[in-house]
J.: 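Dumping the structure here so I can ask a few things about it.
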Amino acid sequence: MGDLLDRVDSPEDLKKLAPEELPALCGEIRQLILDTVLRTGGHLATNLGSVELTTALHYVYDFPRDHLVLDVGHQAYAHKILTGRKSRFDTLRQEGGLSGFTNKDESPYDLFTTGHAGTALSTGLGMACAEDVLGTGRKTVAVIGDAGIGAGMALEALNMAGEVKRDLLVVLNDNRMSIAPSNGALVHYFTKLRTNPSYRKAKHDFADAVRKVLGDRARETAEHWYHTLRYAVVPGHIFEEMGFHYFGPVDGHDVQALVRELQDLRKAGGARLLHVVTEKGHGYEPALKDPVKFHGVKPNLPKPAEAAPDVKVPPATAPQPSWTKAFADALCDLAAEDPRVVAITAAMPDGTGLNQFAARFPERTFDVGICEQHAVGLAGGMAAAGALPVAAIYSTFLQRGYDQVFHEVALQGRKVIFALDRAGIVGSDGVSHTGAFDLAYLRTLPGMILMAPKDAPELREMLRFAATAPGVFAIRYPRDEVPPAIRGGKTAPVEMGRAETLLEGPDGAIVAYGASVYPAWCAARALERRDVHVTVVNARFAKPVDRDLLLALHRAQPFLVTVEDHSVMGGFGAAVMEALAEAGESPRVRVLGIPDAYQDHAERDRLLARHGIDADGIARAVLAMREARADAARPAPR
Ligand SMILES: Cc1ncc(C[n+]2csc(CCOP(=O)(O)OP(=O)(O)O)c2C)c(N)n1
């Protein structure tokens, strides 16, 4: 750590530095971020780009008395370093360590536990409105990126903020990048503001001219006149037209200029927008050259020592592709055969594998930006016109488009295929990214067909099936590698609502969904070595569940264990219980899944183990069910 940063643990320490010392401090913060994140993994490029902005904000404002809301919260590393978390910074994104996003349980400086984009203007405006009612005089600053500001929720907040004119400073951190290059008409407009000197110059020229005539003290008057006359100078300025005072663009890496600008802005009230231009990856050549790759970097840490599980999952004999890659391959093949297929992503072409699709079918790929609601509406429109849209959206982000799944797709009975990546435990991204709820929120919609494959060949079959069978489809798969194929990859044809029996035994049945099938299979093979022979069923469908098979199993077996990488509330196991209860059975079922609690960040494998939804946990659950039944069968002591 450098000399200056050694002296800074809090915003109070920061404020003791002279403005001229801030550039060197920023260099030290940037170095700490770089050194740490290359080891721990995390969002690198955006954090390198926002060091000066964050430092200037903490230098000028009085957080947490004033309010700072960071959109997404993935650019909060400098903020964490400056707000008492420097000494724990090397625990970033590790189990028990600092979250990779702002987290309200971590620090009073983090107002929200975040991870979803486009939210900061609504919550910031909410705080500003509340402060107005409460009369506390606290200031509110909301920082949002050039991609996040295009989200529907952000635009809705801008629309209100420009009208109600509460004391809100919106800082637009414009680095021209989402994860991939930003898109949308607004982004082109920001480029115009950045590159067209007329607006930038107009304000200064005007102020200069007034100063020359009336002297230095007239600068504020000049700016005031400027705002009054602005429509004559720059007609059609979007933010001004919407009721904001627009400032900038300013160089987001000139920390002293930022401080000066923010000091002026802090004194003012009303709806203000400061346009700050930054570089994603600033100060680190590899990230500057490839900000997409360095948006998030993988950890480079030794694996923590773990107790050896009883049931060992045999390692794959060959390297396995990710589920994302398996999906992209299958979708490309489907699109090659079926010209109706179009693919939609909401700002995640790389994360969903659609970059591969886009390279082959550019005219059939639609990246709508961080606008999941619109992505689903667009899919509904495309389906209505006869195309076959596949919307590849992370499980957690489709929550944004829930009403559109209901209203624009399911209610219309339009054929859309939702490909839900990152379904289930996600690992170090943690609580806001866990895809724990998609079955619960989609299962309630009439007409939805919910599927999950056990391996890559089945994912391919499911996509084909969804392309031809009637219904609205959602296929879920996790952030993981595809497991090795079971039984040499032999896959029974996919039929509507039909499960696949993989193994038969009389000592209980494990009914597993999607990514849980392979660990269930491994658990069963391990139990065989203890002379416990269970049936293993690959459920394939969470809606409709295979009622006939479930009923027959329940009648023939001493108990069922259901397994899913999803919340136990409203998920696959709940669907099984409902089906059995509806058929008049008293379910003898143990439901394994993610408990009804928000999930901290930790390695995916460790979280699966913690919740007993790995092979070891499944085997233990079977043995416990056997034990409980044996206890119940024993005569009570007299
Ligand atoms: C609702 C939602 N959709 C998608 C994402 C994935 N995501 C995380 S950061 C990001 C890009 C954000 O870009 P921008 O707002 O410009 O901020 P920057 O990363 O450039 O600082 C995206 C798409 C998300 N976090 N939330």
Side-chain angles (χ1 to χ4, degrees), residues 33 42-54 69-79 99-102 112-123 142-157 170-184 186-187 190-191 252 275-282 287-288 291-297 344-352 354-355 367-376 391-402 404 420-422 426 429-435 479:
I33 291 175
H43 291 103
L44 185 59
T46 186
N47 277 290
L48 293 178
S50 53
V51 172
E52 285 79 10
L53 173 59
T54 310
V69 191
L70 298 175
D71 197 60
V72 193
H74 65 320
Q75 76 294 53
Y77 296 175
H79 165 77
S99 157
F101 299 87
T102 53
F112 295 91
T113 297
T114 56
H116 287 204
T119 66
L121 304 193
S122 291
T123 50
V143 179
I144 191 162
D146 52 288
I149 204 168
M153 187 176 171
L155 295 175
E156 288 171 33
V170 172
V171 178
L172 170 63
N173 178 8
D174 178 7
N175 58 19
R176 281 158 279 175
M177 294 290 293
S178 179
I179 294 177
S182 288
N183 50 6
L186 262 185
V187 168
F190 299 150
T191 304
H275 185 177
V276 176
V277 178
T278 61
E279 273 183 331
K280 222 173 159 174
H282 188 76
L288 274 173
V292 176
K293 179 169 162 208
F294 284 89
H295 175 82
V297 296
I344 300 172
T345 172
M348 307 299 285
D350 300 84
T352 57
L354 286 197
N355 50 358
D367 182 349
V368 301
I370 309 176
C371 301
E372 288 79 5
Q373 306 171 60
H374 166 54
V376 180
I393 300 179
Y394 289 6
S395 160
T396 187
F397 297 147
L398 186 64
Q399 289 164 198
R400 275 286 167 83
Y402 181 62
Q404 288 70 21
L420 304 187
D421 203 317
R422 288 4 179 222
V426 289
D429 273 338
V431 59
S432 60
H433 282 52
T434 307
R479 174 181 211 169

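We count ligands from 1, going down the list as the structure has it; atoms in each ligand are counted the same way. Owing to the predicted nature of the structure, the values given are computational and were not obtained by experimental measurement. Only heavy atoms go into these numbers, but all of them, side chains included; no hydrogens, no water, no symmetry mates.
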J.: Does ligand 1 have any atom sitting under 4.0 Å from a heavy atom of His43?
T.: no
J.: Any idea which part of Gln75 is under 4.0 Å from ligand 1, heavy-atom wise: side chain, backbone, both or neither?
T.: neither
J.: Assess Gly115 for proximity to ligand 1: is some non-hydrogen atom of it under 4.0 Å away?
T.: yes
J.: Against heavy atoms of Ala147, which atoms of ligand 1 measure under 4.0 Å?
T.: 13 (O), 14 (P), 15 (O), 16 (O)
J.: Among all protein heavy atoms, pick out the one at the shortest distance from atom 26 (N) of ligand 1; state its residue, atom name and that distance to 0.1 Å.
T.: Ala117 N, 2.9 Å
J.: Looking only at distances, please establish whether an N/O atom of ligand 1 is found under 3.5 Å from an N/O atom of Asp146.
T.: yes
J.: Which protein heavy atom lies closest to atom 18 (P) of ligand 1, and at what distance to 0.1 Å?
T.: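 For atom 18 (P) of ligand 1, the nearest protein heavy atom comes out as Thr46 OG1, 3.6 Å.
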J.: Backbone N or O of Gly145 within a donor-acceptor pair of the Asp71 side chain at under 3.5 Å?
T.: no
J.: Give the atoms of ligand 1, by number and element, whose distance to some non-hydrogen atom of Ala347 is under 4.0 Å.
T.: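 Here the atoms of ligand 1 in question are 23 (C).
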J.: What heavy-atom pair brings Ala180 and Val292 nearest, and what distance separates the two atoms?
T.: CA-CG2, 4.0 Å
J.: In terms of residue, atom name and distance, what is the protein heavy atom nearest to atom 3 (N) of ligand 1?
T.: Glu372 OE2, 2.6 Å
J.: Any idea which protein heavy atom is nearest atom 10 (C) of ligand 1, and the distance to it?
T.: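 Of the protein heavy atoms, Ile179 CG1, 3.6 Å lies nearest.
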J.: In terms of residue, atom name and distance, what is the protein heavy atom nearest to atom 24 (C) of ligand 1?
T.: Phe397 CZ, 3.2 Å
J.: Does Arg400 reach ligand 1, in the sense of a heavy atom lying below 4.0 Å from it?
T.: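 Yes, Arg400 has heavy atoms under 4.0 Å from ligand 1.
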J.: Under 3.5 Å, is there a donor on one side chain and an acceptor on the other for Thr352 and Asp421?
T.: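 Not at all, the side chains of Thr352 and Asp421 share no donor-acceptor pair under 3.5 Å.
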J.: Side chains of Ile179 and His43: does their closest heavy-atom pair fall under 4.5 Å?
T.: no
J.: Just to verify, what does Thr114 make a side-chain hydrogen bond (donor to acceptor under 3.5 Å, both in side chains) with, not counting sequence neighbours?
T.: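 With sequence neighbours excluded, Thr114 shows a side-chain hydrogen bond (donor to acceptor under 3.5 Å, both in side chains) to Thr102, given in chain and number order.
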J.: So, Asn173 versus Thr278: side-chain donor-acceptor pair below 3.5 Å or not?
T.: yes
J.: Check for a donor-acceptor pair, side chain of His116 on one end and backbone N or O of Ser432 on the other, with a separation under 3.5 Å.
T.: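 Yes, His116 side chain to Ser432 backbone: donor-acceptor pair under 3.5 Å.
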J.: Return the closest protein heavy atom for atom 12 (C) of ligand 1 as residue, atom name and distance.
T.: Ile370 CD1, 3.9 Å
J.: How far is atom 19 (O) of ligand 1 from its nearest protein heavy atom, and which residue and atom name does that atom have?
T.: His74 NE2, 2.7 Å
J.: Quick check: Asn175 and ligand 1, any N/O pair under 3.5 Å apart?
T.: yes
J.: Within the distance-only criterion (no hydrogens, no angle test), does the side chain of Arg400 pair as donor or acceptor with the backbone N or O of Ile370 below 3.5 angstrom?
T.: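 Looks like no, no N/O pair under 3.5 Å.
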J.: Show which atoms of ligand 1 fall inside a sub-4.0 Å distance from at least one heavy-atom site of Gly148.
T.: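 Answer for ligand 1: 14 (P), 15 (O).
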J.: Going by the order shown, which atoms of ligand 1 are within less than 4.0 Å of some heavy atom of Met348?
T.: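 In order of number, 6 (C), 23 (C).
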J.: Verify, without hydrogens or angle tests, whether Ser178 (side chain) and Pro181 (backbone) share a donor-acceptor contact under 3.5 angstrom.
T.: no
J.: Distance-only, no hydrogens or angles: does the Lys280 side chain make a donor-acceptor pair with backbone N or O of Leu44 under 3.5 Å?
T.: no
J.: Identify, for atom 11 (C) of ligand 1, the protein heavy atom at the shortest distance, and state residue, atom and that distance.
T.: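 Checked against all protein heavy atoms, atom 11 (C) of ligand 1 sits closest to Ser178 OG, 3.4 Å.
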J.: Ignoring hydrogens and angles, tell me if any N or O in the side chain of Asn47 forms a donor-acceptor pair with the backbone of His74 under 3.5 Å.
T.: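 Present.
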